[in-house]
Amino acid sequence: MCGRFTITIDADSLQMAFDLESAPPDWKPRYNVAPTQMVGVIREGPRRLVEWMRWGLVPFWAKDPSVGSQLINARAETAAEKPSFRRAFQAQRCLIPADGFFEWKQEVGQKGPRQPYYFRMRDGRPFAFAGLWERWQPEGAAEPLLSCTILTCAPNTLLAQYHNRMPVLLRGEAMGGWLHGDSRAGLEALLRPYPAEEMTAYAVSRLVNRAGVDTAECIQKVEVSA
DNA sequence: CCAGACGTTGTT
DNA sequence: GTCTGG
DNA sequence: CCAGACGTTGTT
DNA sequence: GTCTGG
């Protein structure tokens with residue numbers, strides 16, 4: 001699955017990498033994006049901009065927005081049919097720019113806290129998570145809450161050493177295909193494990209465990225004691 | 001008919 | 001909103 | 001995902 | 001143990 005990620009590039013690099021109309025004004029590099037925090041999202045539609053949405057999808061019919069914290073991921077195999085995700089799958093798909101993500105693993109033969117690992121592309125360049133977004137209108141006249149979720153799929157051979165799920169990663173043509181595709185079969189064809197050969201992983205400090213710590217120390221390599 | 005769920009992951 | 005269970 | 005709380009009444 | 005908050 002995917003419960004933390006990074007997007008460490010600056011606003012100009014982001015604009016270039018994702019072909020945005022403009023560089024997002026409030027952008028800052030992030031080393032530890034956690035659920036319920038605001039994330040930059042590129043949604044379907046004619047305009048190619050980054051908008052801020054809460055990570056953790058709140059279904060439009062929800063009574064209470066707190067359910068969103070449990071919907072940080074959606075299974076790619078079933079998202080098109082689940083009540084919470086169905087509408088978004090049809091018409092509210094999005095890209096969530098990232099350049100790495102974390103997974104936690106219980107080291108064999110050890111007890112205690114799990115060890116975090118950082119995953120990224122070998123070429124170090126950014127990519128997008130395949131996502132869904134939703135709009136939730138609170139009672140009264142307050143601003144609607146925009147929220148999003150990250151799709152997951154079976155792991156590739158690299159991720160399988162750590163977890164039984166991985167986020168759906170998109171690069172190049174697949175990004176436009178996800179945003180603007182119109183057939184369910186065509187969309188689902190994009191929701192497959194990203195090639196392991198293009199990815200790399202290393203252990204990082206447990207500082208990343210704390211959602212409030214958002215510094216480059218989160219992606220510093222550490223040795224795992226045997 | 002109404003009531004109640006609607007989700008994912010891993011299990012320190 | 002829409003589906004399932006009672 | 002992990003960390004941290006987990007409760008009520010009434011009010012200086 | 002389980003739920004909420006970040």
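Because only heavy atoms are used, hydrogens play no part in the values below, and waters and symmetry mates are left out as well, while side chains stay in. In what follows, chains carry the letters A, B, and so on, assigned in the order in which the sequence lines appear, proteins first and then strands, with residues in each chain numbered from 1.
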Visitor: Base, sugar-phosphate or nothing for A/Arg4? Non-hydrogen atoms, less than 4.0 Å.
Guide: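 Base: the residue A/Arg4, judged by heavy atoms under 4.0 Å, touches a nucleobase.
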
Visitor: Between A/Glu77 (CD) and B/dT8 (P), how many Å, whole number?
Guide: 9 Å

Visitor: From B/dC6, E/dG5, B/dT8, pick the nucleotide closest to the side chain of A/Ser66?
Guide: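 Minimum distance to the A/Ser66 side chain belongs to E/dG5.
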
Visitor: Any idea which heavy atoms bring A/Ala98 and A/Phe129 closest together, and the distance?
Guide: CB-CE1, 3.4 Å

Visitor: Mark this stacking check for A/Trp104 against D/dC2 as yes or no, applying ring centres under 5.5 Å and ring planes under 30°.
Guide: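 Stacking between A/Trp104 and D/dC2: absent.
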
Visitor: Between D/dC1 atom P and A/Phe102 atom CZ, what is the distance in whole Å?
Guide: 15 Å

Visitor: Please report the shortest heavy-atom distance between A/Cys148 and A/Val39, naming the atom on each side.
Guide: SG-CG2, 3.5 Å

Visitor: For A/Arg75, which contact category applies under a 4.0 Å heavy-atom criterion: base, sugar-phosphate, or nothing?
Guide: sugar-phosphate

Visitor: Looking at every non-hydrogen atom in both residues, tell me the closest pair between A/Met199 and A/Met121 and how far apart they are.
Guide: CG-SD, 4.0 Å

Visitor: Which whole-number value in Å describes the distance from A/Leu151 CG to B/dT8 P?
Guide: 10 Å

Visitor: Can you tell me if the side-chain N/O atoms of A/Arg210 get under 4.0 Å from OP1 or OP2 in D/dC2?
Guide: no

Visitor: Using atom P of each nucleotide, how far apart are E/dG6 and B/dC6 to the nearest Å?
Guide: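 Result for the P pair: 25 Å, nearest Å.
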
Visitor: Reckon A/Pro113 touches a base, only the sugar-phosphate, or nothing at all at heavy-atom distances under 4.0 Å?
Guide: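 Since a base atom lies under 4.0 Å of A/Pro113, the category is base.
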
Visitor: Evaluate the criterion salt bridge (charged side-chain N to carboxylate O under 4.0 Å, His left out) for residue pair A/Arg165 and A/Glu77; output intermediate values, then yes/no.
Guide: CA-CA 12 Å; A/Arg165 302 292 290 176; A/Glu77 299 90 333; 2.8 Å; yes

Visitor: Counting side-chain heavy atoms from CB outward, which of C/dG1, C/dC3, B/dT9 is closest to A/Arg86?
Guide: C/dC3

Visitor: Could you check whether A/Thr149 gets within reach of a base, just the sugar-phosphate, or nothing at all, counting any heavy atom under 4.0 Å?
Guide: nothing

Visitor: Measuring to OP1 and OP2 of D/dC2, would you say a side-chain N or O of A/Arg114 lies under 4.0 angstrom away?
Guide: yes

Visitor: To the nearest Å, give me how far apart CH2 (A/Trp136) and C1' (B/dC6) are.
Guide: 16 Å

Visitor: Looking only at side-chain atoms of A/His163, point me to the closest of B/dT9, D/dC1, B/dG10.
Guide: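 Nearest to the side chain of A/His163 among the choices is B/dG10.
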
Visitor: Whole angstrom is fine here: how far is it from OH in A/Tyr31 over to P in D/dC1?
Guide: 25 Å

Visitor: Pick from A/Arg210, A/Glu217, A/Arg4: which one makes a side chain to side chain donor-acceptor pair (under 3.5 Å) with A/Asn32?
Guide: A/Arg4

Visitor: Could you work out the separation of B/dT8 and D/dC2 based on their C1' atoms and round it to a whole Å?
Guide: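 Approximately 15 Å lies between the C1' atom of B/dT8 and that of D/dC2.
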
Visitor: Could you check whether A/Leu57 gets within reach of a base, just the sugar-phosphate, or nothing at all, counting any heavy atom under 4.0 Å?
Guide: nothing

Visitor: Once you round it to whole Å, what is the distance between C1' of E/dT4 and CD of A/Gln37?
Guide: 15 Å

Visitor: Applying the Watson-Crick and G-U wobble criteria at under 3.5 Å, what pairs with E/dT2? Answer none if nothing qualifies.
Guide: D/dA5

Visitor: Take the protein atom CG of A/Asp64 and the nucleotide atom C1' of E/dT4, then report the distance between them rounded to whole Å.
Guide: 11 Å

Visitor: For the rings on A/Tyr162 and A/Phe119, is their centre-to-centre separation under 6.0 Å?
Guide: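 A/Tyr162 vs A/Phe119: aromatic centres under 6.0 Å.
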
Visitor: Atom CD of A/Gln106 to atom C1' of D/dC1: distance rounded to whole Å?
Guide: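 These atoms are roughly 14 Å apart.
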
Visitor: Using the P atom on both, measure D/dT9 against B/dG4 and round to a whole Å.
Guide: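 These two P atoms come out 24 Å apart once rounded.
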
